[in-house]
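Contents: one structure, followed by commentary.
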Amino acid sequence: MEENYLEKLNEPQRLAVEATEGPVMVIAGAGSGKTRVLTYRIAHLLHKGVDAFNILSLTFTNKAAREMKERIGNVVGDANAKSLWMGTFHSVFARILRVEAPLLGYPSDFTIYDQQDAVSVMTKIINEMHLDKDIYKPKQVLGRISQFKNNLITVRAYHNNQALIEADNEAMKPRMGDIYRAYVDRCFKSGAMDFDDLLLRTNEILTRFPEVLAKYQERFKYIMVDEYQDTNHSQYLIVKALASRYENLCVVGDDAQSIYAFRGANIRNILSFKQDYPDAKLYPLEQNYRSTQMIVEAANHIIKHNQDQLEKNVWTANEDGEKIAVYRGLSDADEARYIATQIWERQISEHLQPKDFAILYRTNAQSRALEEALRKRGISYRVFGGTSFYQRKEIKDMVGYMRLLINQNDEEALLRTVNYPARGIGQTTITKLLVAADQYNISLFNLIENIAMYAPNIGINAGTSNKLNDFALMIKRFQVMLKTHNVYEVTMEMAKTTQLLNALKEDSTPEGVSRLENVQELLNSIQGYVEEQQQLDEGDSSLGGFLENIALATDADNEDEDDNKVNLMTVHLAKGLEFPVVFIAGLEENLFPSMMSVNTRAELEEERRLFYVALTRAEKVAYFTYSVSRFRWGKIIDCEPSRFLEEVDDRFLDWKNLNINVRASNNSGLSADLFGDEPSPQQYQQREKAVARQNPNQRKVIESQPKANFKPVNKTSASANGNSNAQGLQVGQVVVHDRFGRGVVKDLQGEPSDMKAIIYFDNAGEKKLLLNFAKLKIVQ
DNA sequence: GAAACTTCCCTTTTT
DNA sequence: GGGAAGTTTC
């Protein structure tokens, strides 16, 4: 236990940490040490003798949870930190639902449908109901249903709510209620929950089963919620229910950083905390430790344009800092080139590394131009977000089979896999099956496994019937195999038997090769997962556990072993992060603020908060850039500077190229500026040498494959903290493992990057451990 | 039933 | 400019 940890806090921080009993709200301005407070508060609870088992901490991202756990481990020791429940709402309540969902008639191995699955279900429903998909746009309809669910409006409640029905009638969608019912039924029959269900069903259980509620109230005596301003109504109710017995609830947030209203976040949750808990203690954190005076004041100045906000006075004792540079590009390529050049120059002049830079933008699509400019400069970078690894077709195919093994009623998984790789089961057959399954009210898989019985009645010939039967038998066989073999072995066998690997191997195009690599990467990560989980006390090396992890994993969670790269991400993903130098790109009307968000004041204020979040990520230096034209939807369009730029007082800004006075509609002078400050090849080489001298270890890597974003999931406390070390381990050495205790290394196998050790433990016998995951201390 | 070809959306942000 | 869905052809 680290001593004197309280001395590392300022006065309000310390008070917030010490107020462990009763409701507490911490209003934490940007950069004011919010994470520090949460971390030390938990450490303080443990120090006071509270059992880690009784603490629940809800964070906004898995990444935040992991980092916090690590930091707590540093203060109180890993063993103590281990049994803390810490994670996102979705992951924590998914875990609870694995136990409790059967109360509602769900299988405990329920599938979690991602956005793609949900859209696919919805598209089918709208087709089957013969509705016009231009009026009932699947994504829009799902958005509406998401609103219902996040406000706990069930299908029945909807049908009893005249106001909602009228609103949908007026929106020309009178069938909304029927669609909602069909969607919920369909998911239920598939044994599947979407993201919103994870919260809605938790609420349902806590309301309908008081003994279950009591169990978790008793367990979670101390509850902490990070980013409280971004909780929606459903999350709010869960927290309220769980905390209502002991009321040891601590919420931390900043109304100025609420940026998730579009997915139901309700800023009122933070504004009305004092009404919900009249005894609540309030601790405002106003000293910013992150940024320069310039950045803090400019950010304060920006957020003042919003009407809806709590009075706050964020200040800093840091240095003045330089003004915010504003650059106007003539095209998105020009804007990107400017940014790349600035990164290049600052790396040399300020001794900065690639990882010290972040480029933030409003939409994922903006990354392309930026990537290209960085590649041209030979600057290594990393893109967060966008199409994630698990959304790729080849991965979803593979995962489809895996899902089917643990939940054979998962209709989306079945439809995806039944004819891939092609086995002669086409659209006509599928349609017949869907109709029949509905008619007999059984699941698709159920129908297929008894197809011989049904085939004559539903017009399926003997040949097709056999093919379907073979498919069902194959799935059954793997289900049996799962009982005796580990997940990796089964998956590998499945990839071979289904010809999935072979089909990919035959494709020698670059895309095909990359697909095969992705599948291999997935297989590796399964192997890593199995071995890692086997080493944890509460490890879950089951297929279900793996699938849950990847369903709730996001791209921001993936860690790259080489993270010294320029960071590219949306502003949303940047929340909670900080970087010495930040570029905010694409500050144009209809882009930032988004075209979709300029109609109401509330929407516009959320965009402004987003701008505030972006700027407050910067520690030392910030840049604003925009362009007068941009490639969008395959066309070049003219752009106007963002209204947000005009809102910022000039005393904060350093306009870089005002002298080139070109209107968006006038292209004269374009060529001169577009290529004006490109360095000559000689200058280029000199700079490269300068960088190499300054930083000999850093080789310039050209990075483009999204694959590089991917790491084995759930990499909790691996080698990063230094006490485990794959390098330098030798046969014959004595090591100590967290769980297995003392052992002797018998053998080492595999590549250095993926090495396994056979270790004979005094108390646990012989184990094969992956050194990337195993926490080993070398004793002699 | 499957491959080749064409058209249509798309871009707001994410668990 | 790109990926998915729909359409045509074998």
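Being a predicted model, the structure only gives us computed values, none of them experimental. Lettering follows sequence order; numbering is per chain, from 1.
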Q) Is A/Q229 reaching over with its side chain to a backbone N or O of A/A256, donor-acceptor style, under 3.5 angstrom? A) no
Q: Would you indicate whether the side-chain heavy atoms of A/Y113 and A/D197 approach each other to under 4.5 Å?
A: no
Q: May I ask you to test the A/L615-A/I584 pair for a side-chain heavy-atom distance under 4.5 Å?
A: yes
Q: Look at the side chain of A/T570 and decide which nucleotide, out of B/dT15, B/dC9, B/dT13, has an atom nearest to it.
A: B/dT13
**Q.** Shortest side-chain distance from A/A365, nucleotide among B/dT11, B/dT13, B/dT15
**A.** B/dT11
Any chance [atom1] of [X] has more than 12 other-residue heavy atoms, nucleotides or ligands included, within less than 6.0 Å?
| X | atom1 | answer |
| --- | --- | --- |
| A/E372 | CD | no |
| A/R601 | CZ | yes |
| A/I637 | CD1 | yes |

Look at [X] and [N] and indicate whether a side-chain polar atom (N or O) is within less than 4.0 Å of OP1 or OP2.
| X | N | answer |
| --- | --- | --- |
| A/N364 | B/dT13 | yes |
| A/K139 | B/dT11 | yes |
| A/N150 | B/dT15 | no |
| A/S594 | B/dT11 | no |
| A/T429 | B/dG1 | yes |

Measure [atom1]/[X] against [atom2]/[N] and give the value in whole Å, please.
| X | N | atom1 | atom2 | value |
| --- | --- | --- | --- | --- |
| A/N590 | B/dT13 | CG | P | 15 Å |
| A/I460 | B/dG1 | CD1 | P | 9 Å |
| A/Q235 | B/dT14 | CD | C1' | 12 Å |
| A/E589 | B/dT11 | CD | P | 21 Å |
| A/F93 | B/dT15 | CZ | P | 17 Å |
| A/L433 | B/dG1 | CG | P | 10 Å |
| A/H90 | B/dT14 | NE2 | C1' | 9 Å |
| A/M193 | B/dT15 | CE | C1' | 15 Å |

(Q) Both A/K133 and A/E607 contact DNA chain B. Which one's nearest nucleotide lies toward the 5' end? (A) A/K133
Q: Could you check A/F89 against A/T464 and say which one's nearest nucleotide on DNA chain B is further toward the 5' end?
A: A/T464
Q.
With the threshold set at under 4.0 Å for non-hydrogen atoms, list the residues of residues 140-149 of chain A touching DNA chain B in residue-number order.
A. none
Q) Which of residues 257-270 of chain A have a heavy atom under 4.0 Å from DNA chain B? A) A/Y260, A/F262, A/R263
Q.
Base, sugar-phosphate or nothing for A/T123? Non-hydrogen atoms, less than 4.0 Å.
A. nothing
Q. Looking for any heavy atom pair under 4.0 Å, which part of the strands does A/D114 touch: base, sugar-phosphate only, or nothing?
A. nothing
Q) Are A/K467 and A/D470 ion-paired here, with the side-chain N under 4.0 Å from a carboxylate O? A) no
Q: With a 4.0 angstrom cut-off to heavy atoms of chain A, pull out the first and last contacting nucleotide of DNA chain C, in 5'-to-3' order.
A: C/dG1 to C/dG2
Q) What is the minimum heavy-atom distance between A/A437 and A/L447, and which atoms define it? A) N-CD2, 3.9 Å
Q) What heavy-atom pair brings A/Y361 and A/L370 nearest, and what distance separates the two atoms? A) CD2-CD1, 3.7 Å
**Q.** Aromatic ring proximity A/Y260/A/F60, centre distance under 6.0 Å
**A.** yes
Taking atom types as modelled and ignoring hydrogens, do the side chains of [X] and [Y] form a donor-acceptor contact shorter than 3.5 angstrom?
| X | Y | answer |
| --- | --- | --- |
| A/Q391 | A/Q116 | yes |
| A/Y390 | A/D114 | no |
| A/N203 | A/S234 | yes |

